[in-house]
Amino acid sequence: MPEMPEVEILARHLRPLLRGKKIRSASVRRERATRPTPPREFEKAVVGAKLKELTRRGKYLLFEFESRQAGLARTGNAKSGAGTLTVLGHLGMSGRMFVALKNETLPKHAAVIFDLGNRNFVYEDRRYLGRMTLDLSPLRELGPEASDFSPEAFAAALKGSRQAIKIKLLDQSLIAGVGNIYASEALFRARLSPRLAADELTPAQSKTLLRAIGDVLNDAIKFGSTVGLKTMSGKSGGLFYFDDGGEGYYEERLRVYDREGKPCLRCGTRIERITQGARSTYFCPHCQRVR
DNA sequence: CACCATGTTCCTTG
DNA sequence: CCAAGGAACATGGT
């Protein structure tokens, strides 16, 4: 469930469930899951730690723990100041995180489990493209959140690049949090062609695009935190948030993504799918003409 | 078997 | 140094 809105909703869901909880034991069931941190080192570092705060940056989750004793300095956890240990989480394409009752069976691809006493925290990932790690270096490469970007700074960041704007939006060092789905959605909302070169956008167009990105992300968060929660309630005593997408608290919100051949919701023209940077882009050839 | 998938990183080629 | 393209990672759905 991995674009910024899904991560934000997940963070809001998990925060009250995890805050103040102490990790009794930790189990890494896949070598890859904590890369580049070795699994045993990861387990050792988090056992006994109490979660202070859970925050989000781009598509990453930051689990901030109170360190137990001295001895954490050698974990190479750059962010850990005095008394703090931070675990960085990323869901990749197929990761999920949830708090479960202890008698619930673990999913087949459970990658990391924290024993919290009367509950388990589970990170599971079918494709193992995500991770939970002590390596915080990815944070240094992230561009601003959409909400922190001024139109002027965004325009400046696009200058000097002839790359297609759609591909640029996926660059986390330019702007953090936009993924393949919402890149198409934002360009549709801004009525801009995904094939426009980044430096071809006028200041007015880049301003429109930045606003569209913010709107698309905010709408998704708003939708996910209302309909999504309702959809999921009842599962495991309401402890789950993300399950399998349920009945459409997600896809039905999308206006162009995955709608190839279907009529544009604005003008009726057939939506097209093209490949850019080896990934699918969906757009309306009429509403999103290059200008 | 073929192709596709919400992400990131690394490699090659130009 | 940059851009573009592709592969890799690993599993599952259609």
Side-chain angles (χ1 to χ4, degrees), chain A residues 1-11 29-37 56-61 88-97 107-112 123-133 135-143 157-188 194-200 213 216-217 219-221 223-224 228 241-246 248-261 273-282:
Chain A
M1 327 300 327
E3 281 198 39
M4 184 280 253
E6 291 71 43
V7 179
E8 174 61 26
I9 293 160
L10 179 63
R29 331 229 313 180
R30 269 278 180 143
E31 185 78 21
R32 273 177 60 73
T34 55
R35 69 194 182 284
T37 307
R56 179 195 61 76
R57 174 81 172 90
K59 303 174 194 174
Y60 290 90
L61 286 171
L88 194 63
H90 196 292
L91 298 171
M93 298 265 268
S94 54
R96 298 172 190 171
M97 292 178 184
K108 182 178 175 186
H109 297 291
V112 176
Y123 158 49
E124 68 113 356
D125 196 336
R126 292 189 138 84
R127 293 172 67 185
Y128 298 98
L129 298 177
R131 56 189 178 144
M132 288 189 80
T133 181
D135 171 30
L136 308 182
S137 60
L139 294 175
R140 293 198 304 257
E141 321 287 324
L142 289 181
L158 294 179
K159 273 216 286 201
S161 171
R162 275 131 269 122
Q163 243 188 337
I165 186 63
K166 157 61 169 26
I167 295 174
K168 262 312 203 197
L169 291 181
L170 299 182
D171 180 353
Q172 302 301 298
S173 70
L174 172 77
I175 182 168
V178 180
N180 201 43
I181 292 178
Y182 296 114
S184 283
E185 293 295 317
L187 287 164
F188 176 75
R195 292 194 262 228
L196 265 178
D199 64 3
E200 283 177 333
I213 292 167
V216 160
L217 297 177
D219 283 2
I221 291 169
F223 188 62
Y241 183 74
F242 282 112
D243 186 42
D244 60 1
Y249 65 95
Y250 189 56
E251 281 78 6
E252 286 177 16
R253 274 275 113 172
L254 306 178
R255 300 188 191 177
V256 274
Y257 185 82
D258 207 22
R259 298 196 70 246
E260 181 182 17
R273 177 171 73 95
I274 59 174
T275 298
Q276 292 181 292
R279 319 220 36 206
S280 291
T281 299
Y282 298 85

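Chain letters run A, B, ... following the sequence lines, proteins first and then strands; every chain starts at 1.
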Between A:Phe223 and A:Arg253, is there a cation-pi geometry (under 6.0 Å to ring centre, at most 45° from the normal)?
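Yes, A:Arg253 lies over the aromatic ring of A:Phe223.
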Is the NZ or CZ atom of A:Arg96 positioned over A:Tyr123's six-membered ring, under 6.0 angstrom from the centre and within 45° of the axis?
no
Starting at atom [atom1] of [X], determine the distance to atom [atom2] of [N], rounded to an integer number of angstrom.
| X | N | atom1 | atom2 | result |
| --- | --- | --- | --- | --- |
| A:Tyr182 | B:dA5 | OH | C1' | 15 Å |
| A:Met4 | B:dG7 | CE | C1' | 16 Å |
| A:Tyr60 | B:dG7 | OH | P | 12 Å |
| A:Met97 | B:dT6 | CE | P | 19 Å |
| A:Arg35 | C:dA8 | CZ | C1' | 11 Å |
| A:Leu174 | C:dA3 | CG | P | 11 Å |
| A:Asn180 | B:dA5 | CG | P | 8 Å |

Counting side-chain heavy atoms from C-beta on, which of [options] comes nearest to [X]?
| X | options | result |
| --- | --- | --- |
| A:Gln172 | C:dA10, B:dT8, B:dG7 | B:dT8 |
| A:His90 | C:dA3, B:dG7, B:dT9 | B:dG7 |
| A:His109 | B:dA5, B:dT8, C:dT11 | C:dT11 |

Check if the side chain of A:Arg127 and the base of B:dA5 share a donor-acceptor pair of N or O atoms closer than 3.5 Å.
yes
Contact under 4.0 Å: [X] side-chain N or O vs [N] OP1/OP2:
| X | N | value |
| --- | --- | --- |
| A:Arg279 | B:dG7 | yes |
| A:Arg131 | C:dA10 | no |
| A:Lys59 | B:dT6 | no |
| A:Ser280 | B:dA5 | yes |
| A:Tyr257 | B:dT6 | yes |
| A:Gln163 | C:dA4 | yes |

Could you work out the separation of B:dC3 and C:dG6 based on their P atoms and round it to a whole Å?
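Straight-line distance between the two P atoms is 14 Å.
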C1' spacing across the pair B:dT6 / C:dA4, given as an integer number of angstrom:
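Going atom to atom, C1' in each nucleotide, I get 23 Å.
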Contact class for A:Arg30 (heavy atom, under 4.0 Å): base, sugar-phosphate, or nothing?
sugar-phosphate
Under 4.0 Å between any heavy atoms, over every strand shown, what does A:Lys168 touch: base, sugar-phosphate, or nothing? Just pick one.
nothing
Please tell me whether A:Ser137 and A:Asp135 have a donor and an acceptor in their side chains that are separated by less than 3.5 angstrom.
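Their side chains do contain a donor-acceptor pair, which is all the 3.5 Å distance test asks for.
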Are A:Glu141 and A:Ser173 close enough that a side-chain donor and a side-chain acceptor fall under 3.5 Å?
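Distance-only check fails for A:Glu141 and A:Ser173.
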In Watson-Crick or G-U wobble terms, with both distances under 3.5 Å, the base opposite B:dG14 is C:dC2
Please name the nucleotide paired to C:dT14 by Watson-Crick or G-U wobble geometry with both distances under 3.5 Å, or report none.
B:dA2
Check whether any side-chain N or O of A:Glu3 sits under 3.5 Å from a backbone N or O of A:Gly179 as a donor-acceptor pair, and report yes or no.
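It does hold such a pair.
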Counting N and O atoms only, with roles assigned by atom type, does the side chain of A:Gln172 sit under 3.5 Å from a partner on the main chain of A:Leu170, one being a donor and the other an acceptor?
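Judged by distance alone, yes, a pair lies under 3.5 Å.
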On DNA chain B, more 5' by nearest nucleotide between A:Tyr282 and A:Pro138 is A:Tyr282
